[in-house]
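Have a look at the structure below, then the notes.
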Amino acid sequence: MNAPSSRLSGFHKQSVADRVARVAELTGLNKADCELLAGTGHLDLDLANRLVENVVGTFNIPLGVATNMRIDGRDYLIPMATEESSVIAAVCNAGRRCYDNGGFTTSMSGTQMIAQVQLMEVPDPEHARIRILERREEIREICDGCDPVLVKLGGGFRDLEVRVIDSRSGPMVITHIIVDTRDAMGANAVNTMAEKLAPHIEKWTGGRHHARILSNYADRRLARARCEWRPEDIGGADVRDRIMLVSHFAEADPYRAATHNKGIMNGVSAAVLATGNDTRAVEAGAHAYACRNGRYTSLTRWEVTREGNLAGVLEMPMAVGLVGGATKAHPMAQVALKMLGVKSAEELARVFVAVGLAQNFAAVLALATEGLKGHMKLHAQNIAMMAGAKGDEIDAVARRLVELGKVRADLAETELAALRAER
Ligand code: NAD
């Protein structure tokens with residue numbers, strides 16, 4: 001059978017049920033598949049259909065709670081949505097090992113976002129740059145005029161930067177408007193301002209504007225966490241010193257740093273997703289920041305304090321909000337935010353950065369000690385399920401794989417068959 005055509009005219013205008021029927025017919029989904037699509041769980045189908053386009057169902061992922069997390073003197077239960085095993089356990093483990101020593105301390109550089117306006121075909125870009133900078137107060141009025149609600153809440157235009165950059169299309173004059181978006185992530189808020197401002201910049205400079213869009217490199221919205229682990233809480237000074245070696249590897253080598261930072265984002269993205277925030281925005285910011293000195297490196301730094309404690313720091317952009325996007329619309333995001341009990345987007349960002357540091361501690365601890373054995377135990381359960389294990393078979397097969405020291409799909413099938421034969 002030939003693959004079905006993906007040219008489905010009018011698909012977006014169809015009802016969800018009609019879309020499901022059409023996709024089922026084209027791709028051979030059976031009745032059970034369609035019933036699965038129809039069960040949307042806690043996310044109402046109408047709402048899902050409003051949040052994104054061409055909806056045919058919803059996609060559930062587990063929501064867990066990270067325990068043991070003490071941040072700035074307060075205990076938090078942190079909801080995390082992830083499909084990956086051992087991510088939540090890692091945060092709990094890291095939190096437990098520093099809880100008695102005070103937990104995490106966090107801070108934030110601010111809640112400012114940047115939007116860019118691209119200007120081309122300017123004969124005198126350096127001159128134009130200064131002319132734009134001279135309009136600062138007019139620019140403030142234009143930007144603040146776009147969002148009286150934000151201004152009333154204490155946010156709005158804060159700063160102006162204009163850069164001349166070289167490109168394959170010649171020089172570009174890039175205006176940055178810097179806006180305090182308070183409890184909103186702020187993408188739509190600053191995009192609206194940039195759109196409104198662009199024609200004015202054209203008029204003042206004689207150039208032509210092109211892209212007007214926020215930057216996800218939110219380096220005016222840096223969240224910072226620090227924490228100290230005492231040697232006795234992590235298995236001794238030897239473990240601490242091995243953690244230093246593992247972290248120095250990540251600092252020095254982009255191949256290692258990418259995985260190191262992926263681990264940090266395992267924690268951060270799971271918490272960001274649980275609250276209905278934009279995981280891709282936070283991830284883009286994180287990786288851009290990891291490259292800020294021209295070479296990709298790890299986002300955390302690890303040191304040994306005078307007292308001999310292992311000290312970790314994480315600093316990264318954290319553009320998240322309590323309003324806007326799916327945060328207010330998604331019912332589970334609202335439950336997650338209630339669980340967290342945060343009062344501001346800043347507090348939310350501070351919780352997330354602490355989760356990132358906790359996650360990284362657990363990862364470097366595992367690499368410095370038992371390798372990925374702990375992770376493999378949980379991974380073995382996934383492999384057992386892939387092989388078809390059900391109910392208590394999952395644990396039994398996973399245990400056998402771990403005992404064998406080989407977590408492999410083919411062996412899972414053999415072990416499952418053996419287990420069933422024994423029973
Ligand atoms: P939004 O526009 O839905 O809400 C923000 C607005 O809410 C503000 O402009 C303000 O008028 C109002 N508001 C009410 N109470 C507020 C408070 N306490 N603090 C601040 N503002 C308050 O949302 P947004 O945050 O501007 O945009 C976020 C959404 O944009 C996300 O869903 C994201 O996925 C999406 N997005 C992201 C990108 C990107 O990251 N590149 C680009 C486009 C859109």
Side-chain angles (χ1 to χ4, degrees), residues 43 47-55 58-59 81 108 110-118 139-158 174-198 210-223 265 268-289 316-334 336-338 340-352:
L43 191 58
L47 176 58
N49 205 23
R50 278 176 209 288
L51 285 174
V52 302
E53 310 75 39
N54 288 357
V55 164
T58 60
F59 189 96
M108 187 99 192
T111 47
Q112 296 176 3
M113 296 298 284
I114 300 167
Q116 303 186 289
V117 179
Q118 176 195 19
I139 291 174
R140 177 195 298 281
E141 271 176 38
I142 292 163
C143 292
D144 284 349
C146 293
D147 203 333
V149 175
L150 187 60
V151 173
K152 200 161 156 240
L153 290 164
F157 177 88
R158 288 289 181 274
I174 308 297
T175 301
H176 285 187
I177 50 169
I178 293 141
V179 180
D180 188 340
T181 61
R182 310 299 286 178
D183 284 334
M185 179 267 190
N188 294 316
V190 299
N191 283 346
T192 310
M193 292 177 188
E195 298 254 351
K196 184 84 178 186
L197 181 63
H210 292 270
R212 294 92 69 202
I213 181 84
L214 96 151
S215 170
N216 285 113
Y217 185 12
D219 64 352
R220 303 261 189 148
R221 204 169 189 169
L222 298 176
M265 299 313 291
V268 173
S269 294
V272 167
L273 181 61
T275 58
N277 272 287
D278 186 335
T279 51
R280 288 82 54 211
V282 176
E283 278 158 14
H287 295 294
Y289 196 67
M316 59 179 284
M318 195 66 81
V320 292
L322 291 179
V323 298
T327 53
K328 280 259 191 260
H330 198 295
M332 199 51 94
Q334 282 295 303
L337 285 168
K338 220 190 238 180
L340 273 168
V342 293
K343 305 249 170 342
S344 64
E346 175 174 334
E347 190 183 352
L348 186 66
R350 289 164 61 157
V351 169
F352 291 164

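Residue numbers run from 1 in the order of the sequence given. Just so you know, ligand 1 is whichever comes first in the structure, and atom 1 is the first atom listed for that ligand. Bear in mind the structure is a predicted one, so any value in this text is a computation, not a measurement.
There is a side-chain donor-acceptor pair under 3.5 Å between T111 and D180.
In this structure, atom 22 (C) of ligand 1 has a protein heavy-atom contact shorter than 4.0 Å.
Comparing heavy-atom distances from atom 38 (C) of ligand 1 across A284, A187, G324, G186 singles out A187 as nearest. By heavy-atom distance, the residue among T192, V179, T111, T181 lying nearest atom 20 (C) of ligand 1 is T181.
Shown in contact with D147 at under 4.0 Å from a heavy atom are these atoms of ligand 1, numbered in order with element: 8 (C), 9 (O), 10 (C), 11 (O). Those atoms of ligand 1 that come under 4.0 Å of a heavy atom in D278, given as number and element, are 33 (C), 34 (O), 37 (C), 40 (O). Taking a cut-off of under 4.0 Å to the non-hydrogen atoms of L150, the atoms of ligand 1 that pass are 20 (C), 21 (N). Which parts of ligand 1 touch A281 is read off a 4.0 Å heavy-atom cut-off, strictly below it: atoms 40 (O). Close approach of ligand 1 to M185 is summarised as follows: ligand atoms under 4.0 Å from at least one heavy atom of the residue are 25 (O), 28 (C), 40 (O).
G321 does not count as a contact of ligand 1, since none of its heavy atoms falls under 4.0 Å from the ligand.
For the pair M318 and R221, the minimum side-chain heavy-atom distance is 4.5 Å or more. The side-chain heavy atoms of T192 and D147, taken from C-beta on, include no pair separated by under 4.5 Å. In this structure, the side chains of Q116 and T175 stay at 4.5 Å or more apart for every pair of heavy atoms. Contact of the V282 side chain with the V268 side chain is registered, since non-hydrogen atoms from C-beta on lie closer than 4.5 Å. Side-chain contact between I114 and D219 is present, with at least one heavy-atom pair separated by less than 4.5 Å.
By the side-chain contact (heavy atoms from CB on, under 4.5 Å) test, D278 is found to be paired with R280, A281, residues two or more places apart in sequence or in another chain being considered. Among residues two or more places apart in sequence or in another chain, the side-chain contact (heavy atoms from CB on, under 4.5 Å) test is passed with R140 by R136, E137, D144, F157.
With respect to atom 39 (C) of ligand 1, the closest heavy atom belonging to the protein is L214 CD2, 3.4 Å. Nearest to atom 29 (C) of ligand 1 among the protein's heavy atoms is N188 ND2, 3.6 Å.
Contacts between D183 and ligand 1, counted as non-hydrogen atom pairs separated by less than 4.0 Å, involve both the backbone and the side chain. If you look at N216 next to ligand 1, the close heavy atoms, those under 4.0 Å, all belong to the side chain.
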